[in-house]
Amino acid sequence: MIIVMKPATPMAEIEAIRVEIQQRNLVTEICTGQHKVVIGLIGDTSEIDQQQIHNLSPFIEQVIRIKKPFKRASLEFRYGEQSEVVVSTPNGLVTFGQNHPLVIVAGPCSVENEEMIIATAHTVKASGAQFLRGGAYKPRTSPYAFQGHGESALNLLAKAREATGLGIITEVMDAADLDKVAEIADVIQIGARNMQNFSLLKKVGATNKPVLLKRGLSATIEDWLMSAEYILAAGNPNVILCERGIRTFDRQYTRNTLDISAIPVLRSLTHLPIMIDPSHATGISEFVPTMAMAAIAAGTDSLMIEVHPNPAKALSDGPQSLTLERYTEVMRELATLAKFFGRWTEKFAYHSIHDNAAHQILKAKV
Ligand code: PEP
Ligand code: MN
């Protein structure tokens, strides 16, 4: 249930209503939007009479019951206003949200060694990324496949952050590693396979780090939003939803199926920012640019793209990784499209890869 306050309601009045509500064993959450102040009521409101609440104050404009099972994640909870996730990076604040430029997250699937992560970081930055992604702990289908370099990879991500000022996004798989990951990551990734690891969701919800919540392999939109609800309910309001392809019957020509309809559907259901990962969605680098373009056209707030200096030798997800050269070309195309949709800023301007010293170093060594 939410209480929508009339414009210019005095703070003291809002506080008085809040006290009244809390006496009914409900938790309140105040959301100050651009146009309205909304008081969210969390708990069992089934026995609560809407009219009785309305009578609490003449400053109350409306009392609305939220029927969806996800409450804090629902668009109604914010009275239709989209939320923003603002992340502090060494290069400055980056905002994920519908009224902001497209945020680009790029990097290898796994952090393999210092040389490749530093050079990749310089290249993706030069081509307009604000975040470097890279896995230290990898969720692999086979226990015999490369599992990630763990803590030493986290240290390399910290070095890349220092060298480039890019924000870092990396996955936590096990709650036991959460403190270490949270120390280095600017955004903590919950991978598709852990989307319904509820105890892990509660734990990241208790941190103050923004969380990137990937959609589970076979999760419905509602499952996914209920998982976001776990993080929000634990006190962390900074959640970004990442569609990364779902399982369908065809696995011969694509790894997963990118549910592009998730973008407008999420927009109608939730205020949370949206990211699209065309790399895991298709599994094939050739198809990544087209799906990235489709995602921009459909209104994504952010893209996550896997990039590797030498995909043929990648320790994980080589077939879907763009080379640094291809990534740079693709970014030029994406920038044109994002500009068309008013989702680009010259603040993130890219430069020619040939001017990029890091790339020259990489070419010489890899
Ligand atoms: C990844 O980002 O490298 C990854 C493993 O993603 P997902 O959880 O979407 O498979
Ligand atoms: Mn990957």
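Atoms within a ligand are numbered from 1 in the order they appear, just like the ligands themselves.
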Glu306 heavy atoms within 4.0 Å reach ligand 1 at atoms 3 (O)
Fill in: Ion pair Glu162/Lys159, N-O distance below 4.0 Å
no
- Message: What I want to check is whether the side chains of His149 and Glu112 have a donor and an acceptor closer together than 3.5 Å.
- Response: no
For Arg193, the atoms of ligand 1 under 4.0 Å from one of its heavy atoms are 7 (P), 8 (O), 10 (O)
Is Glu151 salt-bridged to Lys180, going by a charged N under 4.0 Å from an acidic O? yes
Open item on the list: Could you check whether Thr254 and Thr282, counting side-chain N and O atoms only, form a donor-acceptor pair closer than 3.5 Å?
Closed with: no
The closest protein heavy-atom partner of atom 8 (O) of ligand 1 is Ala192 N, 2.7 Å
Near Arg244 (heavy-atom distance under 4.0 Å), the atoms of ligand 1 are 7 (P), 9 (O), 10 (O)
Review point. Are side-chain N/O atoms of Asp259 and Ser261 paired as donor and acceptor at under 3.5 Å?
Key: yes
- Charged N to carboxylate O below 4.0 Å: is that the case for Glu306 and Arg133? yes
Do Thr28 and Gln22 get their side chains close enough for a donor-acceptor pair, meaning under 3.5 Å? yes
Within 4.0 Å of some non-hydrogen atom of Cys109, the atoms of ligand 1 are 3 (O)
Numbered in order shown, the ligand 1 atoms found under 4.0 Å of a heavy atom of Lys138 are 1 (C), 3 (O), 5 (C)
May I ask whether Pro139 has any heavy atom positioned less than 4.0 angstrom from an atom of ligand 1? yes
*Compute the shortest N/O to N/O distance between Asp277 and ligand 1 and return yes if it is under 3.5 Å, no if not.*
no
Nearest non-hydrogen protein atom to atom 2 (O) of ligand 1, with distance, is Arg133 NH1, 2.7 Å
Are side-chain N/O atoms of Asp44 and Ser46 paired as donor and acceptor at under 3.5 Å? yes
Q) Is any NZ, NE, NH1 or NH2 atom of the basic residue among Lys214 and Asp277 found under 4.0 Å from an Asp or Glu carboxylate oxygen of the other? A) yes
Check this for me - ligand 1, Met304, N or O atoms closer than 3.5 angstrom, yes or no?
no
Within a distance under 2.8 Å of the Mn ion (ligand 2), the protein atoms of type N, O or S are Cys109 SG, His280 NE2, Glu306 OE2, Asp317 OD2
_Basic-acidic side-chain contact under 4.0 Å: Asp223, Arg215_ = no
Arg215 near ligand 1 by a heavy-atom separation under 4.0 Å: no
### Query
Can Asp317 and Arg255 be counted as an ion pair, charged N to O under 4.0 angstrom?
yes
### Task
Classify the side-chain pair Thr95/Glu84 by whether it contains a donor and acceptor separated by less than 3.5 Å.
no
TODO: Compute the shortest N/O to N/O distance between Glu171 and ligand 1 and return yes if it is under 3.5 Å, no if not.
DONE: no
Here the atoms of ligand 1 under 4.0 Å from any heavy atom belonging to Gly191 are 8 (O)
Report task. Could you say whether the N/O atoms of Lys214 and ligand 1 ever approach to under 3.5 Å? Result -> yes
If you scan protein heavy atoms around atom 4 (C) of ligand 1, the nearest is His280 NE2, 3.4 Å
Spell out, yes or no, whether Ile274 and Leu337 are grouped together once hydrophobic residues are joined by side-chain heavy atoms under 4.5 Å, including indirect joins. yes
